[in-house]
Protein chains: 2
Amino acid sequence: MFYVTLNLIVSAMSKCQQCIVKQFNALKALGKEDLIRISGCKTSKSVKKGEILFREGESVNGIYCIKDGVCKLSKLSANGKEQIVKLVVRGDLIGQRSLVTDEKSNLTAIAVNEMQVCFIPKSEVLHDLSRNASFSLDMLQDMAKELRLADNIIVDMAQKPVKQRLADVLIYLYNTFGNDDKDYLGVILSREDYASIVGTATESAIRILSQFKKEGLISTRGKHIKILDLEGLKRIE
Amino acid sequence: MFYVTLNLIVSAMSKCQQCIVKQFNALKALGKEDLIRISGCKTSKSVKKGEILFREGESVNGIYCIKDGVCKLSKLSANGKEQIVKLVVRGDLIGQRSLVTDEKSNLTAIAVNEMQVCFIPKSEVLHDLSRNASFSLDMLQDMAKELRLADNIIVDMAQKPVKQRLADVLIYLYNTFGNDDKDYLGVILSREDYASIVGTATESAIRILSQFKKEGLISTRGKHIKILDLEGLKRIE
DNA sequence: TAATATCTATGATATATGTCATGTTTTACG
DNA sequence: CGTAAAACATGACATATATCATAGATATTA
């Protein structure tokens, strides 16, 4: 009985070999032996909403695998405003960049809601990168996709007006997080967060959301946002 | 005598083993044998100003190594305007992303001035990626750096005003291309190109450059721009 | 559950940027 | 070298977005 309980606990702390989350990232390319090795030296932890995983300018010293929850990657601009560069979700890895270039983090990672993450030390990942070509290729593919996304964001920032960018964000959130049981978006962000993703003033984000409400595109209840007319949002320009 | 001449010609077409440009990119991680193999199947070509290497939506089917010249990577936005995402210079590789993800190009590559490039077929590069971990790691590092740069551009686009972004571009061009023998910037771009990098209307770019002239920060002669007060440009905000 | 802090909302106004029109200069090319 | 096409320049004006002020709603916690 003791052993059964212990196994359950260990399983709750999850062995990498059995973790399904890795299907969404480069870790799926690792063989059983490597997974067991990594499993032995990884640390799991839960991160509360608002907690910081790492700050801009700090060393990360490994990668985080997001088992659950959402995290924002942001950077302070010269004028002191936070710009959110990316939302990181279940299955994503963060910290690969600093790992590979051996530099301090360029971004700050803050939990948007309760998260479950695993931390894998740098040395273990580098070990696998140096031996496992298919792991490296997978990592390369992930970064290539991130880069494509980043390029598209640059174009949008440069060419689309704020209203359209905000509509795009709502559509993205809907596609990525879906709805909760009451048809509200599956992730809750403050208006300030919306502004920081779109790259505008908080008041402007609030104003445009109010306008969307008047136009029947969305409804809100506090921070909860419900999308009423997805097609209408797509037509915004 | 015949052999000497032949050697010179072959050398002008440059063997990868002897090419110094690769020092600036991931190809430096390849061993002599791989370089000889690649040298045998690469094609060199010169590209005239304004010519297109590849278009958004096309397959690239390999990577280009830039031996000389400058190239702009751009993307058309929904409103039909060109946004320049990156300037590619001597030593850079392009096409790695599409190669790794096996997707069509997200960007269009157009020569800004006369270029010398080598094209290496996809299969050869994939061969090396699958066998040479240090090559893969180098490629990963390059992409990680590109990604960091892209994130910084997103933040700047979102938070810095047009005037500051244009000043930043001038500073970047000065740092990257230096001056010609008459102290003009070492790369010549149209006002429209400046606008497409900054992400603004051509008239706005022209207006701000005129303002910089009046303030004694730069002088211009047609497309040629001379930086008179670098520190002044850095102070713009 | 009341009190407080934080977040949301909206008006008034300032500033930044885009658009259209038009004239001038530069560049490309026969 | 002259001419046409392209690029540059600038004014007038329209629109988008930011900022400041203030009120109201929501969330947090004692």
Side-chain angles (χ1 to χ4, degrees), chain A residues 48-50 77-83 112-114 156-170 184-185 188-215 218-226 236-237, chain B residues 48-51 77-83 110 112-114 156-170 184-185 188-215 218-226 236-237:
Chain A
K48 285 185 197 133
K49 175 181 169 179
S77 65
N79 62 34
K81 277 194 190 162
E82 174 194 52
Q83 176 65 34
V112 164
N113 49 33
E114 172 94 12
D156 288 351
M157 284 284 183
Q159 308 283 359
K160 289 185 181 176
V162 171
K163 198 199 286 188
Q164 191 177 3
R165 300 210 301 273
L166 184 48
D168 285 350
V169 169
L170 290 170
Y184 287 99
L185 278 179
I188 294 174
L189 299 172
S190 68
R191 303 294 194 267
E192 191 177 3
D193 283 334
Y194 277 99
S196 297
I197 296 173
V198 168
T200 190
T202 304
E203 296 95 322
S204 296
I206 290 173
R207 232 180 276 275
I208 293 169
L209 287 175
S210 296
Q211 192 187 336
F212 286 171
K213 273 195 281 189
K214 281 181 195 145
E215 292 168 354
I218 64 171
S219 67
T220 70
R221 189 171 160 177
K223 289 196 205 312
H224 300 264
I225 294 182
K226 188 183 292 186
I236 297 283
E237 59 179 37
Chain B
K48 285 186 197 132
K49 175 181 171 179
E51 275 186 13
S77 65
N79 62 35
K81 276 194 192 163
E82 174 195 52
Q83 176 65 34
I110 302 179
V112 164
N113 50 33
E114 172 95 12
D156 288 350
M157 283 285 182
Q159 308 283 359
K160 289 184 181 177
V162 171
K163 199 200 287 189
Q164 191 178 3
R165 299 210 302 273
L166 183 48
D168 285 350
V169 169
L170 290 169
Y184 288 99
L185 278 180
I188 294 174
L189 299 172
S190 68
R191 303 294 195 267
E192 190 178 4
D193 283 334
Y194 276 99
S196 297
I197 296 173
V198 167
T200 190
T202 305
E203 296 94 323
S204 296
I206 290 173
R207 231 181 279 275
I208 293 169
L209 286 175
S210 296
Q211 191 187 338
F212 286 171
K213 273 195 282 188
K214 280 180 196 148
E215 292 169 354
I218 63 171
S219 68
T220 70
R221 189 172 160 174
K223 289 197 204 312
H224 300 263
I225 293 182
K226 188 184 291 188
I236 296 282
E237 58 179 36

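Atoms considered below: every heavy atom in the structure, side chains included; atoms not considered: hydrogens, waters and symmetry mates. Naming convention: chains lettered A, B, ... in sequence-line order (proteins, then strands); numbering from 1 in each chain.
A straight line from NZ of B:Lys48 to C1' of C:dA28 spans 15 Å, rounded to a whole angstrom. If you measure from atom CD of B:Gln159 to atom C1' of D:dT19, you get 14 Å, rounded to the nearest angstrom. In this structure, the CG atom of A:Leu209 is 10 Å from the P atom of C:dT8, given to the nearest Å. Atom C1' of nucleotide D:dA27 and atom NE2 of A:His224 are separated by 11 Å, given to the nearest angstrom. In this structure, A:Ile225 atom CD1 and C:dC7 atom P are separated by 15 Å, rounded to whole Å. The nearest whole Å value for the distance from the CD1 atom in A:Ile206 to the C1' atom in D:dT19 is 13 Å. B:Leu189 has its CG atom 20 Å from the P atom of D:dA6, to the nearest Å. When rounded to the nearest whole Å, the span between CD of B:Glu82 and P of D:dA7 equals 12 Å.
Comparing B:Thr202 and A:Gly222 by the nucleotide of DNA chain D that holds the closest heavy atom to each, the one mapping nearer the 5' end is B:Thr202. In terms of position on DNA chain C, the residue among A:Glu192 and B:Pro161 whose nearest nucleotide sits closer to the 5' end is A:Glu192.
For A:Ser204 and D:dT17, the shortest distance from a side-chain N or O to OP1 or OP2 is not below 4.0 Å. For D:dA27, the OP1/OP2 oxygens have no side-chain nitrogen or oxygen of A:Lys49 closer than 4.0 Å. Under 4.0 angstrom from either OP1 or OP2 of D:dT17 there lies no side-chain N or O belonging to A:Lys163. Look at B:Thr200 and you'll find a side-chain N or O under 4.0 angstrom from OP1 or OP2 of C:dG18. Residue A:Ser210 places no side-chain N or O under 4.0 Å from the OP1 or OP2 atom of C:dT8. Within the 4.0 Å cut-off from OP1 or OP2 of D:dC8, at least one side-chain nitrogen or oxygen of B:Lys223 is found.
A donor and an acceptor atom never sit less than 3.5 Å apart when one is taken from the side chain of B:Arg207 and the other from the base of C:dG18.
In summary, of the residues considered (B:Val169, B:Ile225, B:Ile197), a side-chain contact (heavy atoms from CB on, under 4.5 Å) with B:Leu189 occurs for B:Ile197 alone.
Checking side-chain atoms of B:Gln83 against main-chain N and O of B:Ser196 turns up a donor-acceptor pair under 3.5 Å. Checked by atom type and distance alone, the side chain of B:Arg191 never pairs as donor or acceptor with a backbone atom of B:Ala205 at under 3.5 Å.
Rounding to the nearest 0.5 Å places CD1 of B:Ile236 at 9.0 Å from CG of B:Leu166.
The side chain of B:Glu203 sits closest to C:dT19 out of C:dT19, C:dA9, D:dC8.
A donor-acceptor pair shorter than 3.5 Å can be found between the side chains of B:Lys213 and B:Thr220.
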